[in-house]
Structures are given as structure tokens and as C-alpha cells.
Amino acid sequence: MTLPEATFVALADLHLQPGRRLELEEAARQANALLREQPGCLGARLLHFSGGPYLYRYEIDWRSREDWQRFWESPAYPALRATLDPWTAQPFVLQLHDVKVSG
């Protein structure tokens, strides 16, 4: 079985509040559950920067930019923020990327 490839990726660098690792990881599980319900979301994952304890990256793969846009304009986007932001030292800023080469 071949999974659909992402054509659009949203990335967020999350600067963890000290001592809140478990809370952030649980929040990411909750965010993933919310995202699984969104049309066109192919998956999300939380990455921990191996060079230091407080930097994480949250990556969300989308089938298309339009799928992302629909999510961003829906009530689900503020719900995602409300899930992740309480455990970060500052609100995250999204980086939006079109996938040009994959493999």
C-alpha cells in the first residue's frame, strides 16, 4: 500500500517551558488526534532537537495547500493552538512549505 505524498508542510518550532516535557508530549498526542480528523491531513509528528532540551519541532503534512488553508480557517486551528501553546515559552510561529522534491 502506498501512502499519499505530502505536497504542503506546516512546521512550528516549539520552545518548551522548562520542566514541561511530558505535558508537551501529551499535548502533541492530543493535537495529532485532532489533526487526524481534518480532511487532507496526512499526519503530524513532534521532533525533539537532539542538541538541547528545550527545542522541539512540530511537523504537519498535508495533501495540498488547499487542505491546509481549510484547516487554518476552521475552528480546529485555534484548538490546535490551545493544545500546544500552554506548554511553550512563547507562541509558535508557523513556517509553510510547498514540497518540491520527495522520495
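Heavy atoms only: backbone and side chains are in, while hydrogens, waters and symmetry mates are out.
Considering only residues two or more places apart in sequence or on other chains, L96 meets the side chain to side chain contact (heavy atoms under 4.5 Å, CB included) condition with F8, A10, W68, L94. Residues meeting the side chain to side chain contact (heavy atoms under 4.5 Å, CB included) test with A76, sequence neighbours left out: L34, Q38, F71, S74. By the side chain to side chain contact (heavy atoms under 4.5 Å, CB included) test, E59 is found to be paired with V9, L11, R45, L47, D61, residues two or more places apart in sequence or in another chain being considered. With sequence neighbours left out, the side chain to side chain contact (heavy atoms under 4.5 Å, CB included) criterion links A27 to T83, L84, W87. Scanning for salt bridge (charged side-chain N to carboxylate O under 4.0 Å, His left out) contacts around R36 gives an empty result, with sequence neighbours left out.
Counting all heavy atoms, side chain and backbone alike, Y54 lies closest to P18 at CE2-CA, 3.5 Å. Closest heavy-atom contact between I60 and C41: CG2-SG, 3.8 Å. Listed here is the closest heavy atom pair of P39 and W62: O-CZ3, 3.8 Å.
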Before you tell me yes or no, could you show the steps for F92 and D85 under side-chain contact (heavy atoms from CB on, under 4.5 Å), namely the whole-Å CA-CA distance, both residues' side-chain angles and the distance that decides it to 0.1 Å? CA-CA 7 Å; F92 63 83; D85 277 346; 3.2 Å; yes
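There is a path of hydrophobic side-chain contacts, each under 4.5 Å, that joins L16 to L80. Put simply, Y58 and L55 are part of two different groups of oily side chains (I, L, V, M, F, W, Y) that touch within less than 4.5 Å, one to the next. L24 and F49 fall into different hydrophobic clusters, where Ile, Leu, Val, Met, Phe, Trp and Tyr side chains are chained together by heavy-atom contacts under 4.5 Å. L35 is connected to L14 through a chain of hydrophobic side-chain contacts under 4.5 Å among Ile, Leu, Val, Met, Phe, Trp and Tyr, so both are in one cluster.
Residue pairs meeting the side chain to side chain donor-acceptor pair (under 3.5 Å) criterion with at least one member in residues 16-26, sequence neighbours excluded: R20-E23, R21-E25, E26-R29, E26-Q30.
Atoms CG and CZ, on L46 and R57 in that order, are 11.5 Å from each other to the nearest 0.5 Å. Atoms CZ and CZ, on R70 and R65 in that order, are 13.5 Å from each other to the nearest 0.5 Å.
Side chain of T7 to backbone of R63: a donor-acceptor contact under 3.5 angstrom is found.
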